[in-house]
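Scroll down for the structure; my scribbles are underneath it.
Here is the naming used below: chain letters follow the sequence lines, and residue numbers restart at 1 for every chain.
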Amino acid sequence: MIDLRLLRDNPDVVRASQVARGDDPDLVDAALDADARRRSSLSEFENLRAEQKSLGKQVAKAQGDEKQALLARTKQLAQDVKSHQATAAEAEQELERVLYSIANVIEGAPAGGEEDFVELKQVGERRDFAAEGFEPKDHLELGEGLRAIDTKRGAKVSGARFYFLTGIGARLELALLNMAMDQAVQEGFTPMITPTLVKPETMQGTGFLGAHADEVYRLEKDDLYLVGTSEVALAGYHSDEIVDLSDGPMRYAGWSACYRREAGSAGRDTRGIIRVHQFHKVEMFSYCAPEDAEAEHQRLLGWEETMMAKVELPYRVIDTAAGDLGSSAARKFDCEAWLPTQERWLELTSTSNCTTFQARRLGVRVRTEDGSTRNVATLNGTLGTTRWIVALLENHQQADGSVYVPEALRPYLGGLELLEPTK
RNA sequence: GGAGACGUCGCAUAGUCAGGUCUAGUGCGCCACCCUGCUAAGGUGGUAACGGGGCAACCCGUUCGAGGGUUCAAAUCCCUCCGUCUCCGCCA
């Protein structure tokens, strides 16, 4: 939820953000109207309520005829209070509805849609398979050769976009995620294994029920949502709390399964495990002071790049355009690895600065020096996912179908230097 | 799944049976000051969040797990839901 005070004091800033995202700037005026209506209806209700309370005290003390006279007055007043309360509640709901439809105010993100990102840098050498004298295989062919990935049986058991990781494939995912978790712990993150089913208010609070609500699985019978990332649970972890940031940011590394309906991506990335309904992820999550958020964002990006270096993949970093940001994000950087068989970049990490947007809805605050409270900033970033296997297999494949294991990963695979096809 | 107990402003509790003086009391903790050679002890005062109004002192409203209801009036009575604990059943 955006800051109502910002909306009142600087509506043009919010309008400009809406335009940059390709969203409707008129929502700003709708919100201002709703806010004005809410305030006037609220003060009418509050005045009536104050009168009702003071009369109530007189009723308690009064006797006989005097009491009867007061009761006659208060009965009518009770009706008025009730109706004005209902009006005020409606106005409040209307304001909330409009506020939730406004995405976070962007901070530095380039304007435009998915194609309007800015490439910040490229790191590492892309392999020249022609020069090496062989045609690269795609990750599924390699994965099947290694008996590491089984999409046929995934589909048999659970349907399209499901898979089994088998044998060395399962070990490879555990290795990647354990390496990610170890790095996070070394950097001072608190490791967390999080719930993957959450309540509606948690899902709503993190901003995932906005424009992309179709992406989210819902369990109708229990009124619970399956999370698409442990970010949801980690953001909800300190909801309705006043936290202590006097020792700097609070950092958590969440390990979880992630579930996505992929409703809008029919026909895209249907082969292999690039785009699937369930995968696993290690996610960094920070709570920090708003003025420290931009620097923290750079730190999270730095830790992502450290992981990219450990798996020895060529990648680039992009500054995502406003229209391609999630509703909670003010700015987002992605690390994309090169995918040789498709000759394109594939998103492996994504780090978002959500400023105070999530914390406001979730009620995460810090105590200020003057004794009041204010919302914290929240940030998140990927440290490893199942999808990394795709880039790792393709980039490190050898002519015979075996796959080179990056040095940093070897301790997590019992010292294995090469993944080889099993017979 | 069945039975019961419980949920109060950091923590612990009073208040709920008998609705109005609850503007939610008290203890602990915390903060400030006093006392003191230092510390401990002691004394005094202050200590929930959110919203509205005001330059401000301050005023008003909402919140006693959540949401409804009864009533002139609800922490207190009724209903639904959520959570915690104890016991039983079932299953890893």
Side-chain angles (χ1 to χ4, degrees), chain A residues 1-9 31-100 193-205 209 218-225 232-233 236-247 250 257 287 290 356-376:
Chain A
M1 187 164 62
I2 66 158
D3 185 355
L4 189 53
R5 285 185 201 288
L6 177 71
L7 193 85
R8 286 177 194 159
D9 299 343
L32 288 171
D33 283 353
D35 182 39
R37 277 198 299 278
R38 165 179 153 274
R39 278 197 279 182
S40 69
S41 63
L42 191 63
S43 80
E44 278 180 40
F45 157 69
E46 287 183 349
N47 290 336
L48 284 171
R49 182 74 175 134
E51 189 183 350
Q52 183 187 36
K53 284 174 79 166
S54 79
L55 281 180
K57 278 174 193 161
Q58 296 178 39
V59 171
K61 289 177 195 153
Q63 298 287 331
D65 288 348
E66 190 192 354
K67 185 159 192 162
Q68 291 311 310
L70 280 170
L71 281 181
R73 273 179 71 196
T74 50
K75 277 187 181 173
Q76 178 56 46
L77 193 55
Q79 294 295 317
D80 292 348
V81 166
K82 208 167 234 180
S83 70
H84 280 80
Q85 183 170 33
T87 306
E90 275 169 33
E92 174 84 44
Q93 274 185 6
E94 172 61 13
L95 174 63
E96 278 205 358
R97 198 188 60 75
V98 181
L99 282 182
Y100 289 150
I193 294 175
T194 63
T196 52
L197 289 170
V198 299
K199 296 199 246 182
E201 53 265 41
T202 306
M203 206 46 134
Q204 171 76 251
L209 294 183
R218 172 153 186 250
L219 300 187
E220 188 86 32
K221 213 169 175 181
D222 300 284
D223 201 17
L224 290 169
Y225 291 91
V232 177
Y237 189 66
H238 286 299
S239 60
D240 294 319
E241 291 181 20
I242 298 171
V243 297
D244 182 5
L245 294 179
S246 55
D247 294 332
M250 290 196 298
Y287 294 88
T356 57
F357 189 88
Q358 287 180 329
R360 185 165 300 105
R361 172 65 170 126
L362 290 168
V364 189
R365 293 148 295 162
V366 282
R367 186 74 62 188
T368 61
E369 284 186 12
D370 66 7
S372 63
T373 64
R374 62 173 183 152
N375 290 111
V376 303

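- For the atom pair NZ of A:Lys82 and CD of A:Gln52, the computed distance is 10.0 Å after rounding to the nearest 0.5 Å.
- Across all strands, A:Leu42 comes closer than 4.0 Å only to sugar-phosphate atoms, never to a base (heavy-atom distances).
- Applying a 4.0 Å cut-off to non-hydrogen atoms, the residues of residues 49-58 of chain A that approach RNA chain B are A:Arg49, A:Ala50, A:Gln52, A:Lys53, A:Gly56, listed by residue number.
- Contact annotation: A:Arg73 does not reach the phosphate of B:C72 (side-chain N/O to OP1 or OP2, under 4.0 Å).
- Dense packing is recorded around CZ of A:Arg218, with more than 12 heavy atoms of other residues, nucleotides or ligands lying under 6.0 Å away.
- Among the atoms of the strands shown, only primed sugar atoms or phosphate atoms (P, OP1, OP2) are found under 4.0 Å from some heavy atom of A:Arg5.
- Summarising the geometry, the separation between CG on A:Asp244 and P on B:G10 is reported as 17 Å, rounded to the nearest angstrom.
- Residue A:Lys82 places no side-chain N or O under 4.0 Å from the OP1 or OP2 atom of B:A73.
- No hydrogens or angles considered: nothing links the side chains of A:Glu51 and A:Asn47 as a donor-acceptor pair under 3.5 Å.
- Looking at the side chain of A:Val59, the nearest of the listed nucleotides B:C72, B:G61, B:G51 is B:C72.
- Among all heavy-atom pairs drawn from A:Ile242 and A:Arg367, the shortest one is CD1-NH2, 3.5 Å.
- Taking atom P on both B:A3 and B:G89, the two are 15 Å apart, rounded to the nearest angstrom.
- A close approach under 4.0 Å does not occur between any side-chain nitrogen or oxygen of A:Arg367 and OP1 or OP2 of B:C30.
- Residue contacts for A:Arg37: at a heavy-atom cut-off of 4.0 Å it reaches no nucleic acid atom on any strand shown.
- Place A:Ser43 and A:Ser372 on RNA chain B by their nearest nucleotides, and A:Ser372 ends up nearer the 5' end.
- Look at CE on A:Met1: it is 12 Å from C1' on B:G51, rounded to the nearest Å.
- In this structure, the salt bridge (Lys or Arg N to Asp or Glu O under 4.0 Å) partners of A:Asp35, at least two apart in sequence or on a different chain, are A:Arg8, A:Arg38, A:Arg39.
- A:Thr373 has a side-chain polar atom (N or O) that falls below the 4.0 Å cut-off from OP1 or OP2 of B:C50.
- For A:Tyr237, the OH atom is loosely surrounded, since the number of other residues' heavy atoms within 6.0 Å does not exceed 12.
- OP1 or OP2 of B:G51 has not a single side-chain nitrogen or oxygen of A:Arg38 nearer than 4.0 Å.
- Counting only heavy atoms from C-beta on, A:Glu46 has its side chain closest to B:G52 among B:G52, B:U70, B:A49.
- When Watson-Crick and G-U wobble pairs are counted only if both distances are under 3.5 Å, B:G25 pairs with B:U13.
- The NE2-P distance, from A:His84 to B:G61, rounds to 16 Å in whole Å.
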